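All values below come from the heavy atoms of this structure, side chains included, with hydrogens, waters and symmetry mates left out. In this text the structure is predicted, and so the values were computed from the model without any measurement.
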Amino acid sequence: MTRKVAIIGMGNVGAACAHYIVSNGFVDDLVLIDINEKKVKSDALDFEDAMANLPYHTNVFVNDYSQLDDTDVIISAVGNIKLQDRVKPDRFAELEFTSNAVRDVAEHIKETAFDGKIVVISNPNDVMVSIYQQVTGLPKKHVMGTGTLLDSARMKRAVGAALNVDPRSVSGYNLGEHGNSQFTAWSTVKVLDHSIAELAADDGLDLDKLNEDIRMGGFTVFSGKKYTNYGISTAAVRLTMAILNDAYIELPVSNFREEYGVYLSYPAIVGRDGIIKQIHLNLPQEELDKLQYSADFIKSKLPEEFQVTSD
């Protein structure tokens, strides 16, 4: 069976996704779409130049929306991260620009025979997932965002560094908005099967300080190079591969939660049919309050015409 993925938006993030996919031979066909035709054609040629030195071959198509007809997964990397270059970091600085761009892209998708899954990177993430779902009319479980899959990875990096263990030895989640209202659900965090509360008491860890490091991790990277690309592209491709592989893996991604009436990040089982099953965590009241605050914040920023209704 042919595997086919499209990336819409070939800036630093889209290009990093494409490179990861091509260099690992994850798909047979890769569609690249961007309004900057000169840039996207150059990327495609660059990848084709790389083929002779790779153990895999990938067919690359450029700026052809008709190629979406039989595409399995679309990755949306549409956006303008430079708009976040301000004194107080805020992903909602991209809201007006990206919502208009996403609306246009979603209309183009709707005009094709695309019936696959959409993985959204575009920021503000949870709002953009809602817009894609509403405009395309695809089932909610087929449209999802990378959400706090990246923030959770940042948490694992920070906790692992504090305790001198590999981040893959850390489990747990960051929940809510992929933005300033997201939080580390410390009740879910374990390291080598020990709760973080136990380890924090033994090692004198300041969890509030760690949480701020996690929450601001993306902006720390952004302040140094004016964009982020490796962490988020890895998260997006991991989510994409979970769909292609029918992995049934539990990931904290932006998915529509009926109880909150909005897209936000909360663990779900992901497979070929998108969001296969939603997980229910046993969170303490303090974390439930933080999650409700985050949900309310996302709703307050969602344009009225894109408020998501329950099925």
Side-chain angles (χ1 to χ4, degrees), residues 88-93 95 120 123-130 133 140-141 144-159 162 170-191 194-201 204-220 235 250-270 275 277-304 306-311:
K88 184 181 179 183
D90 184 2
R91 290 179 178 88
F92 277 93
L95 178 60
V120 183
N123 281 319
N125 193 243
D126 308 281
V127 171
M128 294 307 137
V129 182
S130 293
Q133 192 277 322
K140 294 184 182 73
K141 67 178 182 177
M144 65 207 79
T146 47
T148 61
L149 183 55
L150 175 56
D151 302 288
S152 297
R154 287 174 174 146
M155 176 273 290
K156 293 173 183 179
R157 180 262 304 160
V159 171
V170 182
S171 62
Y173 308 107
N174 278 52
L175 303 176
E177 175 208 1
H178 175 56
N180 291 348
S181 70
Q182 63 93 13
F183 64 98
T184 303
W186 290 118
S187 68
T188 69
V189 179
K190 287 189 173 184
V191 182
H194 291 276
S195 73
I196 192 65
E198 176 188 342
L199 295 168
L205 293 183
D206 184 340
L207 295 185
D208 289 336
K209 185 177 179 181
L210 264 181
N211 188 70
E212 191 62 12
D213 173 18
I214 298 157
R215 192 174 69 86
M216 297 302 291
F219 298 113
T220 302
E250 184 178 346
L251 297 172
V253 297
S254 185
N255 60 111
F256 185 75
R257 299 291 303 204
E258 291 281 353
E259 67 268 43
Y260 294 104
V262 74
Y263 274 94
L264 52 71
S265 283
Y266 200 103
I269 303 297
V270 179
I275 303 298
K277 180 182 178 181
Q278 294 183 314
I279 304 302
H280 291 276
L281 301 172
N282 185 22
L283 300 175
Q285 190 60 48
E286 179 187 6
E287 292 177 358
L288 287 172
D289 292 343
K290 289 180 179 179
L291 192 55
Q292 185 64 61
Y293 173 82
S294 195
D296 291 342
F297 181 78
I298 296 166
K299 278 185 183 178
S300 73
K301 296 292 188 178
L302 191 61
E304 188 174 348
F306 295 116
Q307 293 284 339
V308 182
T309 57
S310 299
D311 287 322

Between [atom1] of [X] and [atom2] of [Y], what distance do you get to the nearest 0.5 Å?
X	Y	atom1	atom2	result
D289	S294	CG	OG	12.5 Å
I279	T188	CD1	OG1	13.0 Å
I214	R154	CD1	CZ	10.5 Å
Q182	N180	CD	CG	8.5 Å
L288	E286	CG	CD	10.0 Å

Open item on the list: My understanding is that only residues two or more places apart in sequence, or in another chain, count here; which of them pass side chain to side chain donor-acceptor pair (under 3.5 Å) with Y266?
Closed with: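 Scan of Y266 (side chain to side chain donor-acceptor pair (under 3.5 Å), adjacent residues dropped) gives none.
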Open item on the list: So, using side chain to side chain donor-acceptor pair (under 3.5 Å) as the criterion, who are the partners of T146 when residues are at least two apart?
Closed with: none
TODO: Output all residues satisfying side-chain contact (heavy atoms from CB on, under 4.5 Å) with A268, sequence neighbours left out; order by chain, then residue number.
DONE: N255, I275
Open item on the list: Could you work out, with side-chain contact (heavy atoms from CB on, under 4.5 Å) as the rule, every residue matching E259, not counting sequence neighbours?
Closed with: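 side-chain contact (heavy atoms from CB on, under 4.5 Å) list for E259, sorted by chain: R257, H280.
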Considering only heavy atoms from C-beta outward, does the side chain of [X] approach that of [Y] to under 4.5 Å?
X	Y	value
E177	F297	yes
V159	L205	no
D213	R157	yes
L210	T184	no
M128	L95	yes
Y173	L281	yes
V129	F256	no
L175	L283	yes

State, to 0.1 Å, how close [X] and [Y] come at their nearest heavy-atom pair, and which atoms those are.
X	Y	answer
S152	N174	OG-N, 2.9 Å
H194	E198	ND1-OE2, 3.1 Å
L149	L251	CD1-CD2, 4.0 Å

Task: Candidate pair L302 and Y263, rule side chain to side chain contact (heavy atoms under 4.5 Å, CB included), full reasoning - done: CA-CA 10 Å; L302 191 61; Y263 274 94; over 6 Å; no
Task: Non-neighbouring partners of K190 that pass salt bridge (Lys or Arg N to Asp or Glu O under 4.0 Å), sequence neighbours left out - done: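 Listed in chain order: D193.
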Task: Sequence-distant partners of E250, salt bridge (Lys or Arg N to Asp or Glu O under 4.0 Å), two or more places apart - done: none
Task: S187 side chain to E287 side chain, donor-acceptor N/O pair below 3.5 angstrom - done: yes
TODO: Could you verify whether a donor N or O on one side chain and an acceptor N or O on the other, from H178 and D151, lie under 3.5 Å apart?
DONE: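 Yes, because at least one side-chain N or O of H178 sits under 3.5 Å from a partner of the opposite role on D151.
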Open item on the list: For Y260, is there any backbone N or O sitting under 3.5 Å from a side-chain donor or acceptor partner on K299?
Closed with: yes
Open item on the list: If we ignore hydrogens and angles and just use 3.5 Å, is the side chain of S254 paired with the main-chain N or O of G145 as donor and acceptor?
Closed with: no
